[in-house]
Amino acid sequence: MAWNYARLMLGNAIRRSALVLTVSEASRRDILRFFPKADPSRLIVVPNAIDSTILDDPGEEEMERLRERDQIHGPLLLHAGNIKPHKNLDRLIAAFGLLKQQPAHRELKLFIIGDEVNRYGSLRRSVEAAGVRQDVRFFGFVPDRTLSGLYRLASVFAFPSLYEGFGLPPLEAMACGTPVVTSRISALPEVVGDAAVQVDPYSVEDIARGIDSVL
């Protein structure tokens, strides 16, 4: 329903020849695909920016608290975002399973942060199928201060989405100094530029390769 309403409002704006602001060239291309009669000159890209609170250093005391609370004593692979199917978490978990078969990555852990984890039982099944139940943890919503700390504690941030209109989490992770592995499709190449490892999100092996190259 939300998409239908947004599409109606967008169509009305285009018919009135109003300026339409969107957050990426990829989204701009999508708008022109759905509304081929739209005037391209009136579709303006204004990229998103991160909330500055994510840049606040949590401090060593908070970082140590997170290490102890979440038992982070080795390399950490982190994902943050919602848990909808286009986030491609089943393949990320499968890629993590491949990495865990290598002796060099036996200590690696995967943390997945996102709302409504319990709605997607397929993720639990993916964890079981990959044989990594002891090494994957799911979190719901976390406050910005906690998220900022987890970004900084992560060895790699993985975001292999199949589609994004923009994609703030990779930008947040990079702003916290964390290496990023993300998709080479949709809007994500615009977001990360040449500052991240880009992979084929449809290939479990390529996702694993990208993470391995960073580790």
Side-chain angles (χ1 to χ4, degrees), residues 2-58 77-89 92 112-115 141-152 154 156-202 206-207 210-211 214:
W3 163 241
N4 288 336
Y5 179 73
R7 191 168 179 177
L8 175 64
M9 296 298 291
L10 182 58
N12 288 339
I14 288 171
R15 281 190 289 273
R16 296 197 308 270
S17 296
L19 283 177
V20 174
L21 305 183
T22 188
V23 294
S24 67
E25 287 292 344
S27 291
R28 185 175 183 273
R29 289 194 296 270
D30 285 343
I31 292 170
L32 288 172
R33 180 161 57 90
F34 282 111
F35 299 96
K37 294 182 180 179
D39 179 356
S41 70
R42 304 195 70 79
L43 299 177
I44 310 299
V45 174
V46 182
N48 285 324
I50 63 172
D51 189 322
S52 61
T53 58
I54 209 71
L55 298 175
D56 294 339
D57 189 339
L77 175 62
L78 180 68
H79 171 86
N82 63 51
I83 310 294
K84 294 179 180 177
H86 71 278
K87 296 298 183 181
N88 204 26
L89 295 181
L92 175 59
I112 296 175
I113 299 171
D115 294 335
F141 170 81
V142 299
D144 285 345
R145 183 177 176 83
T146 301
L147 180 59
S148 178
L150 289 172
Y151 277 139
R152 287 166 168 80
V156 186
F157 181 78
F159 200 77
S161 286
L162 301 176
Y163 179 83
E164 293 291 336
F166 187 81
L168 275 173
L171 201 59
E172 293 176 340
M174 292 194 295
C176 293
T178 304
V180 169
V181 174
T182 192
S183 304
R184 64 167 64 105
I185 62 174
S186 194
L188 289 162
E190 296 177 57
V191 175
V192 300
D194 60 359
V197 173
Q198 298 180 29
V199 298
D200 176 2
Y202 292 97
D206 203 40
I207 296 169
I211 296 168
V214 174

Colleague: Taking salt bridge (charged side-chain N to carboxylate O under 4.0 Å, His left out) as the cut-off, I'd like each qualifying pair that reaches into residues 46-56, sequence neighbours left out, listed once.
Modeller: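 Residue pairs with at least one partner in residues 46-56: there are none.
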
Colleague: Do His79 and Leu89 have side-chain heavy atoms sitting under 4.5 Å apart?
Modeller: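 Result yes, sub-4.5 Å side-chain heavy-atom pair found.
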
Colleague: If the condition is side chain to side chain donor-acceptor pair (under 3.5 Å), which residues does Ser52 pass it with, not counting sequence neighbours?
Modeller: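 Ser52 satisfies side chain to side chain donor-acceptor pair (under 3.5 Å) with no residue once adjacent residues are dropped.
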
Colleague: Could you tell me whether the side chain of Ile50 reaches within less than 4.5 Å of the side chain of Leu55, counting heavy atoms only?
Modeller: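 Yes, their side chains come closer than 4.5 Å.
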
Colleague: Taking side chain to side chain donor-acceptor pair (under 3.5 Å) as the test, write out the residues that go with Arg152, two or more places apart.
Modeller: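 If we apply the side chain to side chain donor-acceptor pair (under 3.5 Å) test to Arg152, skipping adjacent residues, the hits are Ser148.
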
Colleague: For Leu19, which residues count as a side chain to side chain contact (heavy atoms under 4.5 Å, CB included) partner, sequence neighbours excluded?
Modeller: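 By the side chain to side chain contact (heavy atoms under 4.5 Å, CB included) rule, Leu19 matches Arg42, Ile44.
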
Colleague: For the residue pair Gly165 and Ala187, what are the closest heavy atoms and their distance?
Modeller: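 Closest approach of Gly165 to Ala187: O-CB, 3.4 Å.
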
Colleague: Indicate yes or no: at least one non-hydrogen side-chain atom of Ile185 is less than 4.5 angstrom from one of Asp200.
Modeller: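 Side-chain contact under 4.5 Å: no.
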
Colleague: Would you mind reporting whether Asn88 and Ser161 have side-chain heavy atoms less than 4.5 Å apart?
Modeller: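 No - every pair of side-chain heavy atoms lies 4.5 Å or more apart.
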
Colleague: Does anything in residues 174-183 form a salt bridge (charged side-chain N to carboxylate O under 4.0 Å, His left out)? List the pairs, not counting sequence neighbours.
Modeller: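 Checked against salt bridge (charged side-chain N to carboxylate O under 4.0 Å, His left out) - neighbours excluded - no pair reaches residues 174-183.
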
Colleague: Quick one: side chain to side chain donor-acceptor pair (under 3.5 Å) partners of Asp144, sequence neighbours excluded?
Modeller: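 Checked Asp144 against side chain to side chain donor-acceptor pair (under 3.5 Å); matches are Thr53.
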
Colleague: Among residues at least two apart in sequence or on other chains, which ones pass side chain to side chain contact (heavy atoms under 4.5 Å, CB included) with Asn48?
Modeller: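 Scan of Asn48 (side chain to side chain contact (heavy atoms under 4.5 Å, CB included), adjacent residues dropped) gives Val23, Phe166, Leu168.
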
Colleague: With sequence neighbours left out, which residue pairs that include part of residues 176-190 fulfil the side-chain hydrogen bond (donor to acceptor under 3.5 Å, both in side chains) condition?
Modeller: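 Qualifying pairs: none.
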
Colleague: Can you tell if the side chain of Phe157 reaches within under 4.5 Å of the side chain of Pro169, non-hydrogen atoms only?
Modeller: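 Yes, their side chains come closer than 4.5 Å.
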
Colleague: Does anything in residues 159-181 form a salt bridge (charged side-chain N to carboxylate O under 4.0 Å, His left out)? List the pairs, not counting sequence neighbours.
Modeller: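 Only Lys87-Glu164 qualify under salt bridge (charged side-chain N to carboxylate O under 4.0 Å, His left out).
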
Colleague: Not counting sequence neighbours, list each pair that qualifies as a side-chain hydrogen bond (donor to acceptor under 3.5 Å, both in side chains) and has a residue in residues 22-36.
Modeller: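 Found Ser24-Ser27, Asp30-Arg33, Asp30-Tyr163.
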
Colleague: Please report the shortest heavy-atom distance between Pro160 and Leu92, naming the atom on each side.
Modeller: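 For Pro160 and Leu92, the tightest heavy-atom pair comes out as CG-CB, 4.1 Å.
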
Colleague: Is the closest side-chain heavy-atom distance between Val199 and Val181 below 4.5 Å?
Modeller: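 Of all side-chain heavy-atom pairs linking Val181 with Val199, at least one is under 4.5 Å.
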
Colleague: Identify the heavy atoms of Ile207 and Pro201 that sit nearest to each other, and give their distance.
Modeller: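 The pair with the smallest heavy-atom distance is CD1-O, 3.7 Å.
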
Colleague: My understanding is that only residues two or more places apart in sequence, or in another chain, count here; which of them pass side chain to side chain contact (heavy atoms under 4.5 Å, CB included) with Ala195?
Modeller: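 Scan of Ala195 (side chain to side chain contact (heavy atoms under 4.5 Å, CB included), adjacent residues dropped) gives Met174.
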
